[in-house]
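Chain identifiers are assigned alphabetically (A, B, ...) following the order of the sequence lines, protein sequences preceding nucleic acid strands; residue numbering begins at 1 within each chain.
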Amino acid sequence: MDKQYQHQEIEDKIYQLWLDSGQFAPVNKPKPGAKSFTIIMPPPNANDSLHVGHALGITIQDVLTRYHRMLGDDTLYLPSTDHAGIETQYVYEKNLAKEDKSRFDFDRQTLYRMIWDYVQNNSQVAMAQTKRLGASTDWSRFKFTLDKDIQDFVLTTFEKLYKDGLIYRDYRLVNYSPAAGTSYSNLEVVYVNRTSPLYYVRYPLLPLGDAKTKDDKKIDTSSKYVVVATTRPEPIFVDTHLAVNPKDKKNRHLIGRQVLNPLTDQHMTIIGDDFVDPKFGTGVVKLTPAHDHDDYRVAKKHNLPIVAGIDTRGKITENGGKYAGLSVKKARLAVVEDLQAKGLIEKINEHYQNRVATCYKTGQPIEPLPLPQFFIKVKDPKHNLVKKALASLNSKETKIHGAGREKILRHWLKNLEDWNISRQIVWGIKMPIWYQVDSFEYQINLSFIDQKKQQKFGLLQDLLKKTSLKTISKGLQQISAGPDVPFIISRNQPTTTKHKYLPETDTFDTWFSSSQWPVATLATNQTTDLKRFYPTQVMDTSYDILPFWVMRMMLMCTYLTGKSPFKDVYLHGLVRDAKGIKMSKSKGNVVNPIEIVDHYGADALRMAIVIRSTAGQDKSFGEADYKAGRNLANKLWNASRYVLSQDADSFKDNKSDPKFTLKLKKVVDQVSEQLDQLKIGQAADNLYSHFWHWYCDQVIESAKQNQVTLPQLQAGLATFAKLFHPFMPFITEQIWQELFKKKLVTDSLLMTSPWPKNSL
RNA sequence: GGUCGCAUAGCUCAGUUGGUUAGAGCGCACGAUUCACAUUCGUGAGGUCAAAGGUUCAAGUCCUUUUGCGACCACCA
């Protein structure tokens with residue numbers, strides 16, 4: 001054995017030894033009565049290589065997996081990668097932009113194929129990195145979120161939801177870019193500070209009818225106008241209501257009164273809602289439900305009409321009367337001019353600073369538009385998904401570990417709204433929806449790539465005048481069918497000749513497929529896996545995706561199986577650098593875990609990452625911590641080197657230490673208990689101190705003073721090798737192989753040797 | 001504005017249902033070492049556990065208030 005531990009020469013060899021043993025996979029015939037222990041790896045995004053955050057998760061998961069494998073549980077650690085819909089497409093489009101191309105240059109199939117190839121490469125990299133970290137994952141059960149069988153599983157779930165009446169189609173305001181001809185997710189919207197004119201518009205106030213309350217009599221009725229400050233006067237013609245805050249002393253008397261629409265002279269009622277900020281502008285707002293997210297919510301709450309004034313091309317709709325067909329920009333000028341002519345503009349603040357939503361790509365304004373989207377009912381009376389998730393928290397069927405996060409989860413669940421699962425991107429699982437085209441050509445907007453590779457878009461009935469449905473279908477990019485267009489659910493093109501169909505181009509929200517992950521990965525593996533490994537034991541993930549992922553897994557998996565998908569949710573913290581600053585590419589403080597592995601060894605990294613870590617709490621570490629990990633590895637190495645070099649002769653005068661066995665057992669009990677309770681950081685810390693400051697500093701030293709026997713020393717080493725193995729698998733396995741060679745232990749592989757709890 | 005956290009040694013952080021003298025790593029000071037390991041060993045300095053009040057035989061730990069920091073959600077017409 002070398003004087004210093006050389007991880008470079010050992011890690012790959014040891015990983016291969018484990019792979020060759022085939023023991024990462026759960027044993028074919030588990031012992032009767034063996035409990036199952038399952039961890040499904042949260043799939044890392046397959047659009048980039050792993051960062052230290054992944055290393056933290058993988059270490060925690062692998063520590064628990066290795067511990068339970070040694071306990072003799074029927075253990076499965078299932079690896080995977082995620083297509084990460086919007087994020088991946090975003091990353092990929094950035095790369096396209098470098099070549100002066102965009103997604104609009106390609107039809108769906110071509111674009112999908114290109115992203116697929118890109119992701120496959122990254123997925124391979126992520127898997128190789130996972131191996132370098134020592135993850136004892138069963139590679140034969142690996143799953144990618146866009147594998148054919150996973151896609152089929154997700155579609156089956158959608159069909160089941162539809163049959164159970166939990167799927168519906170409804171309008172939702174989406175971020176639509178008329179310039180690009182598509183809608184965007186919130187991630188793709190860039191808010192830009194701009195100076196735009198703030199118009200103070202006068203709404204003629206109708207005289208009071210008969211005063212009904214005492215208060216009404218006191219009100220000064222001499223004011224002729226209600227003034228509203230707005231940056232967006234152009235859709236005023238579709239406005240039907242104004243709003244004030246009922247707590248606003250200055251304006252609350254206006255609630256229930258009527259004004260004239262300054263453009264159409266229609267009567268508008270003033271309503272009360274506390275979303276209005278009395279201190280802003282005049283304290284009175286106009287409601288444009290079809291084109292503003294707040295107004296939309298308020299309109300829904302008060303059952304107000306939602307009238308579209310702007311269409312997907314960014315033009316004023318027919319509802320706009322004389323303004324119909326004008327672009328938003330031109331309409332604004334025209335509207336302001338008309339209002340000024342009527343004397344209904346009190347003043348204009350030309351220097352108003354506001355935040356404008358723009359398209360990240362074109363820089364053009366985003367228009368919130370109501371478009372039909374698919375939703376999952378989360379509080380259906382018959383299948384109340386939220387209620388079941390809350391029930392499993394109440395009954396402790398699922399426990400949340402991590403600094404008060406259970407309260408946050410409950411808060412999210414209670415306030416959860418129906419889940420919009422439509423995404424207007426290519427990179428994902430395509431929704432199995434087909435729209436009936438015939439008789440509804442006038443309600444279908446779409447864009448496609450024609451035979452000359454040119455992008456065309458517009459209303460289907462217009463497009464059909466020049467292009468065949470077949471050509472449109474072939475080059476289809478994005479479709480938007482009106483709410484009345486009939487649709488059928490089918491995985492393939494409908495074969496019926498009765499109607500003609502075009503497919504929905506939306507894909508499922510990434511989280512819709514990942515919400516089924518624990519069930520989907522097991523159900524699409526070996527036939528008995530779901531029964532054998534579900535519910536899983538531990539779900540480890542970082543706390544920032546608690547609502548997006550963990551909560552939705554609880555909703556969907558419970559819906560699919562009747563059982564909550566995991567017993568314990570371990571929420572690890574975010575990884576920060578040595579100065580406590582959050583890692584990000586822009587700050588340049590991102591650490592590539594593989595560089596640490598190269599330099600200090602995987603064991604050193606794993607130890608540095610988990611020691612003294614706590615669920616739900618962020619952790620920062622740097623060079624000093626890696627060094628400490630490496631030093632520990634070296635300490636283990638040299639203690640082993642010493643013990644292995646001793647022979648019975650030199651120990652023939654040694655007396656047995658009567659307290660040794662008891663103390664060792666105490667360490668085993670403590671570490672076991674801490675691991676059982678998922679106190680991984682404490683277990684590591686505990687192990688570190690006892691090994692270094694008790695076994696090395698005291699036991700080995702007193703052995704030199706003839707106070708400890710050689711068998712005691714050897715038993716201590718073998719036991720610590722076992723205890724350290726979940727944390728530092730490579731070096732401990734290597735030490736074990738030396739012990740095995742000297743016939744000091746009987747198991748040929750430390751990884752599958754029994755945990756010392758029962759063997760002392 | 002709403003919700004949830006955090007505050008312990010110079011730095012980064014542990015501290016189990018409240019229970020001896022509050023711990024670790026790094027850093028610091030002094031010393032040692034051909035005998036497993038200088039990626040080592042020994043000795044030591046360093047803490048009114050954010051502040052105030054309360055419960056208790058006993059509080060870093062439980063309760064209340066205050067201060068500072070952070071995260072998430074909502075909002076910016």
Side-chain angles (χ1 to χ4, degrees), chain A residues 1-6 191 193 196 198-201 228-233 239 242-244 274-277 279-288 291-295 297-298 352-356 402-412 414-415 543-548 573-574 576-580 582 600-601 604 607-608 611-614 616-646 670 673-674 677 679-686 688-689 692-693 696-697 700-701 703-704 713 717:
Chain A
M1 287 171 85
D2 288 329
K3 200 168 170 182
Q4 289 185 354
Y5 172 58
Q6 307 292 343
Y191 287 89
N193 287 320
S196 20
L198 183 66
Y199 305 94
Y200 286 77
V201 181
V228 174
T230 180
T231 53
R232 296 210 61 181
D239 294 351
L242 300 182
V244 298
D274 46 17
F275 97 101
V276 182
D277 179 358
K279 289 186 212 108
F280 190 91
T282 61
V284 187
V285 301
K286 71 185 184 76
L287 295 177
T288 312
H291 302 290
D292 183 279
H293 288 97
D294 286 326
D295 297 359
R297 196 169 344 162
V298 174
Y352 179 68
Q353 288 276 335
N354 71 339
R355 294 178 74 206
V356 180
R405 305 282 163 187
E406 182 170 334
K407 283 185 191 169
I408 294 178
L409 178 58
R410 285 174 186 275
H411 185 258
W412 270 95
K414 282 172 193 157
N415 296 300
Y543 61 74
D544 52 345
I545 55 173
L546 176 67
F548 303 113
L574 305 179
R576 295 164 184 275
D577 69 11
K579 288 173 191 156
K582 200 169 165 177
Y600 296 105
M607 201 63 185
I611 193 165
R612 275 166 265 120
S613 70
T614 329
Q617 221 58 52
D618 291 355
K619 184 157 203 267
S620 56
F621 51 84
E623 289 296 312
D625 303 278
Y626 308 135
K627 274 186 193 158
R630 179 203 54 186
N631 293 357
L632 174 62
N634 195 55
K635 191 73 180 172
L636 260 166
W637 186 251
N638 273 293
S640 310
R641 204 154 70 88
Y642 175 76
V643 172
L644 285 163
S645 66
Q646 302 306 307
Q670 272 183 13
E673 198 186 326
Q674 283 163 335
Q677 294 175 356
K679 310 215 168 197
I680 297 161
Q682 281 182 49
D685 194 22
N686 195 2
Y688 182 111
S689 339
W692 200 306
H693 300 300
C696 293
D697 292 353
I700 291 184
E701 290 312 311
K704 291 175 189 169
L713 217 49
L717 180 63

In the strands shown, is [N] matched to any nucleotide by a Watson-Crick or G-U wobble pair with both distances under 3.5 Å, and which?
{"N": "B/rC41", "result": "B/rG31"}
{"N": "B/rC72", "result": "B/rG2"}
{"N": "B/rC26", "result": "B/rG10"}
{"N": "B/rG46", "result": "none"}
{"N": "B/rG60", "result": "none"}

Atom pair distance, as rounded to whole Å: [atom1] in [X] and [atom2] in [N]:
{"X": "A/Tyr626", "N": "B/rC13", "atom1": "OH", "atom2": "P", "answer": "13 Å"}
{"X": "A/Arg630", "N": "B/rC37", "atom1": "CZ", "atom2": "C1'", "answer": "12 Å"}
{"X": "A/Arg612", "N": "B/rU8", "atom1": "CZ", "atom2": "C1'", "answer": "14 Å"}
{"X": "A/Asp685", "N": "B/rU16", "atom1": "CG", "atom2": "P", "answer": "13 Å"}
{"X": "A/Ile545", "N": "B/rC73", "atom1": "CD1", "atom2": "C1'", "answer": "17 Å"}
{"X": "A/Leu636", "N": "B/rC37", "atom1": "CG", "atom2": "P", "answer": "16 Å"}
{"X": "A/Glu701", "N": "B/rG42", "atom1": "CD", "atom2": "P", "answer": "8 Å"}
{"X": "A/Asp625", "N": "B/rU39", "atom1": "CG", "atom2": "P", "answer": "18 Å"}

State, with a plain yes or no, whether a side-chain heavy atom of A/Gln6 is found less than 4.5 Å away from one of A/Trp637.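 Side chain of A/Gln6 against side chain of A/Trp637, heavy atoms only: no contact under 4.5 Å found.
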Touch check for A/Val284, heavy atoms < 4.0 angstrom, all strands: base, sugar-phosphate only, or nothing?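 Nothing, no heavy atom under 4.0 Å.
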Identify whether any heavy atom of A/His693 sits under 4.0 Å from a base atom; if not, whether one sits that close to sugar-phosphate; answer base, sugar-phosphate or nothing.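 Answer is sugar-phosphate: A/His693 comes under 4.0 Å of backbone atoms only.
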Do you know which of A/Thr230, A/Val244, A/Val201 makes side-chain contact (heavy atoms from CB on, under 4.5 Å) with A/Val284?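 Option passing the side-chain contact (heavy atoms from CB on, under 4.5 Å) with A/Val284: A/Val244.
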Would one find a side-chain N or O of [X] under 4.0 angstrom from OP1 or OP2 of [N]?
{"X": "A/Lys679", "N": "B/rG15", "value": "no"}
{"X": "A/His411", "N": "B/rG5", "value": "no"}
{"X": "A/Trp692", "N": "B/rC41", "value": "yes"}
{"X": "A/Lys3", "N": "B/rC37", "value": "yes"}
{"X": "A/Asn631", "N": "B/rU40", "value": "yes"}
{"X": "A/Ser645", "N": "B/rA36", "value": "no"}

Which heavy atom of A/Asp625 sits nearest a heavy atom of A/Ala608, and at what distance?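 In this case the closest contact between A/Asp625 and A/Ala608 is O-CB, 3.4 Å.
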First of A/Asn634 and A/Ser613 reached from the 5' end of RNA chain B, by closest nucleotide: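 Whichever sits nearer the 5' end wins; that is A/Ser613.
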Choose from [options] the nucleotide whose nearest atom is closest to any side-chain atom of [X].
{"X": "A/Trp412", "options": "B/rC72, B/rG25, B/rC37", "value": "B/rC72"}
{"X": "A/Ile700", "options": "B/rA36, B/rG42, B/rC26", "value": "B/rA36"}
{"X": "A/Ile408", "options": "B/rU16, B/rC4, B/rC37", "value": "B/rC4"}
{"X": "A/Gln4", "options": "B/rU39, B/rA24, B/rC37", "value": "B/rU39"}
{"X": "A/Gln682", "options": "B/rG25, B/rC37, B/rG15", "value": "B/rG15"}

Using only atom types and a distance under 3.5 Å, with no angle test, would you say the side chain of [X] pairs donor to acceptor with the backbone of [Y]?
{"X": "A/Asn634", "Y": "A/Tyr5", "answer": "yes"}
{"X": "A/Asn638", "Y": "A/Lys3", "answer": "yes"}
{"X": "A/Asn686", "Y": "A/Gln682", "answer": "no"}

